[in-house]
Amino acid sequence: MARPLNAGVAGPMTGQMEGLMMVTPLTLGELIIPRAEELFGHRAVIARVGDGVHRTTWAETCVRARRLAAALARLGVGPGDRVGTFAWNTHRHLEAYLAVPAMGAVLHTLNIRLFPEQVAYVVDHADDSVVLCDRSLLPLWRAVEPRLSRPRQVVVLPDLAADDSAAAQSSDLDYEELVAAAEPLAAWPQVDENAAAAMCYTSGTTGNPKGVVYSHRSTVLHSLAVGLADAQGLSSRDTVCAIVPMFHANSWGLPHASALVGASLVLPGRDLSPAAICQLIESERCTLAAGVPTIWSGVLDHWRRAKPDLSSLRFAVCGGSAVTESLSAAFEREIGVPILHAWGMTETSPIGSVSHLPVEPGAEADEATRRSYAMSQGRAVPGVVLRVVDENGAPVPRDGVTMGEIRVRGPWIAREYYRDGAPPDKFADGWLRTGDVATIDALGYIRIVDRTKDLVKSGGEWISSVELEGHLMAHPDVLEAAVIAVPDPKWDERPLACVVPRPEARGRLTAEALLEHLRPRVARWWLPDAIVFIDEVPKTSVGKFDKKVLRARYAPGETAAPLPVSEARG
Ligand code: AMP
């Protein structure tokens, strides 16, 4: 029987000839799990749990996923039911990544770094039926439980020895017992490719967190994209170290993509110290590792002291916040590993753009040009349509200078939030409004200038906090720097820099020295009016600079509402 073409997109097709290819579902059970199981069963899955390293294979992981699916079904989890996970990056969490979507339920990864009230809000909002919780996180979970509207069945993942103080309650179930008692599911059920596979709540800079719901189709297509050479080029020859948490935008899609292409997967568990990460990369000869800039600057510091062998890495994938020039240059020149800069959001699954050097003539002309491309957020990956637009939604000139808001659309971009619809400040005319302000050049490379809400508006002109931070962090005595806007009676807003000196420079580094460093690098009116020295830049639950906290401290009374791009362009 003929299907209505373009169903759900533009209404049934009229007047066009139908293509005669199979319409097989783009689902985990059809396309991802069977490849990991049948073709790459021997490839390794390595997880650090407790004090040791657990070694298994994709074959074993898939069998255990089949057991887990059967066990969850026995607990009453049915099609469309949400299963929460409150867990580190481990092999058991990976089993849930496969089992829950493939059985037709929905994997809901909970951010373990949110406040208990926020976790409770998210669990209730998604209406999770069961929660898989690492034993080491039980104390945190116990603080969430009294805030829930109703009790949830907890299944404890034993990532610590049983005699550890984080004891389970009598109502909790033991993951290993459930998995051992269940017969592996013989076949995955038929699932619609547009059915929900997973969900993840945004880290929520304003208001309550918002639920992004990934479909099987979006997950499969995103996984294919991660394998493209102009994205991460993930293949069966890779050993991937997924440092980015599995609760942060599906660990940037790496677990599902690794299963699809047959890459070995290394999961670091609880210890995200630079020494522990370097040790894993070194011992497992990882070819690709992914984390936010704070992870990589910690790794750089550690490397300078201990010189671990990181030569197996093709790339250190870095995203979530802008990569600074100093980090990008130091990785390449000192360690000999290029940073691959990627941009995306929870709403974009998350890969939106990746920065590989262009092949176009002139791009490799000199070190400064190469560095500028390496530090840019790159070009949209195939499958993502990206525009940088002005306040009327019209594309800005591709001159690398004019600023506008990034808008994206594509098969792995959210079209609305779970039970919160499509607010017009986030979704417009079939596009996702990212809230990121950027320029775009003639080759399509974007350079993020700021979040709309972080730009500093001084005398009607705009100052990029990202650029100031990059320059400050290039100073040899600076560990971290965050720039915020503070109200100013004359100029409306002025930049204030919060600087963390390196330990050896504490008490020695002066504001004047930093201004001296900035003077040749930025326009005079960009120079911060004040520089305060702090012990640490507060971080969000996913390791980004939390400027909300700094604004509350140094610019009380500021509203957190995003600025419209019309104003952002001055
Ligand atoms: P999240 O949904 O928590 O992953 O946050 C997404 C936001 O992080 C984006 O809208 C950007 O503001 C920021 N972001 C992600 N990647 C980058 C990057 N490579 N450079 C600058 N900002 C980034």
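Along the sequence shown, the residues carry numbers beginning at 1.
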Query raised in the report: Does CG belonging to D429 count more than 12 external heavy atoms closer than 6.0 Å?
Result: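 Check fails, neighbour count at 12 or below.
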Query raised in the report: Does atom CZ of R285 have more than 12 heavy-atom neighbours from other groups under 6.0 Å away?
Result: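 Yes - once you tally the heavy atoms of other residues, nucleotides and ligands closer than 6.0 Å, there are more than 12.
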NZ/NE/NH1/NH2 to OD/OE distance under 4.0 Å, [X] and [Y]:
{"X": "E405", "Y": "R387", "value": "no"}
{"X": "R92", "Y": "E95", "value": "no"}
{"X": "D436", "Y": "R451", "value": "yes"}

For residues [X] and [Y], is any side-chain donor paired with an opposing acceptor at under 3.5 Å?
{"X": "S312", "Y": "T287", "answer": "no"}
{"X": "N111", "Y": "S541", "answer": "yes"}
{"X": "S215", "Y": "N194", "answer": "no"}
{"X": "K547", "Y": "S465", "answer": "yes"}
{"X": "R217", "Y": "T27", "answer": "no"}

**Report entry** Verdict with supporting geometry, H341 and Y373, ring-ring contact (aromatic ring centres under 6.0 Å, His included)
**Finding:** CA-CA 9 Å; H341 193 189; Y373 281 114; over 10 Å; no
Requested in this report: On the 0 to 90° scale, with breaks at 30° and 60°, tag the Y97-H256 ring pair as parallel, tilted or perpendicular.
Outcome: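 The rings of Y97 and H256 sit tilted, inter-plane angle from 30° to 60°.
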I'd like to know if the side chain of [X] reaches the main chain of [Y], judged simply by a donor and an acceptor atom lying under 3.5 Å from each other, with no hydrogens or angles considered.
{"X": "R43", "Y": "S236", "answer": "yes"}
{"X": "S372", "Y": "A368", "answer": "no"}
{"X": "T109", "Y": "C200", "answer": "no"}
{"X": "T348", "Y": "G344", "answer": "no"}
{"X": "D399", "Y": "V401", "answer": "yes"}
{"X": "S251", "Y": "V244", "answer": "yes"}
{"X": "H216", "Y": "D192", "answer": "no"}
{"X": "E469", "Y": "V483", "answer": "yes"}
{"X": "D390", "Y": "N392", "answer": "yes"}
{"X": "W58", "Y": "A263", "answer": "yes"}

Centroid-centroid under 6.0 Å between [X] and [Y] rings:
{"X": "H108", "Y": "Y418", "value": "no"}
{"X": "Y417", "Y": "F427", "value": "yes"}
{"X": "H93", "Y": "F247", "value": "no"}

Query raised in the report: Passes side chain to side chain contact (heavy atoms under 4.5 Å, CB included), D230 versus V381? Steps please.
Result: CA-CA 7 Å; D230 278 333; V381 296; over 6 Å; no
Report task. Flag the pair L28 / W188 as yes when at least one side-chain heavy-atom distance between them is below 4.5 Å, and no otherwise. Result ->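 Sidechains of W188 and L28: no contact.
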Query raised in the report: For W412, which residues count as a ring pair (Phe, Tyr, Trp, His ring centres under 6.0 Å) partner, sequence neighbours excluded?
Result: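 With neighbours one apart ignored, the set is H222.
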Requested in this report: With sequence neighbours left out, write down each residue that passes ring pair (Phe, Tyr, Trp, His ring centres under 6.0 Å) with F40, or none if nothing qualifies.
Outcome: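 Ring pair (Phe, Tyr, Trp, His ring centres under 6.0 Å) check on F40 returns nothing, list empty.
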Query raised in the report: Of L26, V384, L221, which meets side chain to side chain contact (heavy atoms under 4.5 Å, CB included) against P411?
Result: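 Running side chain to side chain contact (heavy atoms under 4.5 Å, CB included) over L26, V384, L221 with P411 returns exactly one hit, L221.
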**Report entry** Candidate list V317, I243, V323, test side chain to side chain contact (heavy atoms under 4.5 Å, CB included), partner W296, passing option
**Finding:**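 Single side chain to side chain contact (heavy atoms under 4.5 Å, CB included) partner of W296 among V317, I243, V323: I243.
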Query - Stepwise salt bridge (charged side-chain N to carboxylate O under 4.0 Å, His left out) check, R551 with D546 - result: CA-CA 9 Å; R551 275 194 282 265; D546 195 345; over 6 Å; no
Query - Distance under 6.0 Å and angle within 45° of ring axis: R407 vs W431 - result: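 No, a cation-pi geometry is absent between R407 and W431.
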**Report entry** Partners passing salt bridge (Lys or Arg N to Asp or Glu O under 4.0 Å) against D238 (at least two apart in sequence or in another chain)
**Finding:**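 Once residues adjacent in sequence are excluded, the partners of D238 under the salt bridge (Lys or Arg N to Asp or Glu O under 4.0 Å) criterion are R314.
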Query raised in the report: In Å, rounded to the nearest 0.5 Å, how long is the span from CG of L110 to CE of M246?
Result: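 The CG atom of L110 sits 13.0 Å away from the CE atom of M246.
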Report task. Apply the test side-chain hydrogen bond (donor to acceptor under 3.5 Å, both in side chains) to residues H125 and Y201: give CA-CA distance (whole Å), side-chain angles for both, the deciding distance (0.1 Å), then the verdict. Result -> CA-CA 10 Å; H125 191 269; Y201 279 67; 2.7 Å; yes
Query raised in the report: Taking it one step at a time, do W462 and V456 satisfy side chain to side chain contact (heavy atoms under 4.5 Å, CB included)?
Result: CA-CA 6 Å; W462 292 94; V456 184; 5.9 Å; no
Requested in this report: Evaluate side chain to side chain contact (heavy atoms under 4.5 Å, CB included) for F545 paired with T540, printing each intermediate quantity in order.
Outcome: CA-CA 6 Å; F545 288 0; T540 68; over 6 Å; no
